[in-house]
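Down below is the structure, laid out as structure tokens.
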Amino acid sequence: MSFDPAKAAHKATLPALRDRIGDALPASRRERLAPMLFAGGLLAVGAVLLKTKPRIGHVPEPRQFGNLPRRSKARRAALATRDQVSTFAPTNVTDSLGRSLMIGGAALLLTRLLDEAAGRDGK
């Protein structure tokens with residue numbers, strides 16, 4: 001038996017068949033629960049990082065020259081700017097990472113729950 005391209009062209013291809021019946025079939029539980037489990041993992045890892053504050057994430061103090069007034073205007077401006085910029089510098093990288101993981105996990109979980117509440121297309 002040989003392959004006949006003319007006959008194969010008339011048959012439905014797998015992607016076309018999947019598109020045709022895909023909406024009629026319910027999503028598997030695994031596909032529906034996977035984002036929730038992943039979000040739970042992100043939330044858990046983020047909470048552990050925030051709670052334990054591992055020493056490996058500690059950032060050294062960037063301000064090493066003190067806060068005494070400087071004589072020149074340029075140095076005073078640099079001191080004032082340094083103090084303003086230092087508020088954005090992290091003190092512990094794992095805190096920032098943990099917070100980001102928790103925000104991402106919460107957003108993923110909320111999106112999935114709202115998707116379930118919205119239901120399938122056409123219903």
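Nothing fancy with the numbering, it's 1 onward along the sequence.
Cluster partners of V45, using a side-chain heavy-atom cutoff of under 4.5 Å among ILVMFWY residues and allowing indirect links, are F38, L42, L49, L97, L101, L108. Through side-chain heavy atoms spaced under 4.5 Å, either directly or across other Ile, Leu, Val, Met, Phe, Trp or Tyr residues, I56 is tied to no other residue.
Among residue pairs with one or both ends in residues 100-115, those qualifying as salt bridge (Lys or Arg N to Asp or Glu O under 4.0 Å) are R112-D115, R112-E116; sequence neighbours excluded. Pairs engaging residues 75-88 under the salt bridge (Lys or Arg N to Asp or Glu O under 4.0 Å) rule: R63-D83 [sequence neighbours left out].
Not counting sequence neighbours, the partners of D95 by the side chain to side chain contact (heavy atoms under 4.5 Å, CB included) test are L50, K53, N92, R99. Applying the side chain to side chain contact (heavy atoms under 4.5 Å, CB included) test to S100 and every residue at least two apart in sequence or in another chain returns nothing. Every residue two or more places apart in sequence or in another chain that forms a side chain to side chain contact (heavy atoms under 4.5 Å, CB included) with L109 is listed here: M36, A39, L43, L113. Evaluation of the side chain to side chain contact (heavy atoms under 4.5 Å, CB included) rule for T87 yields no partner, not counting sequence neighbours.
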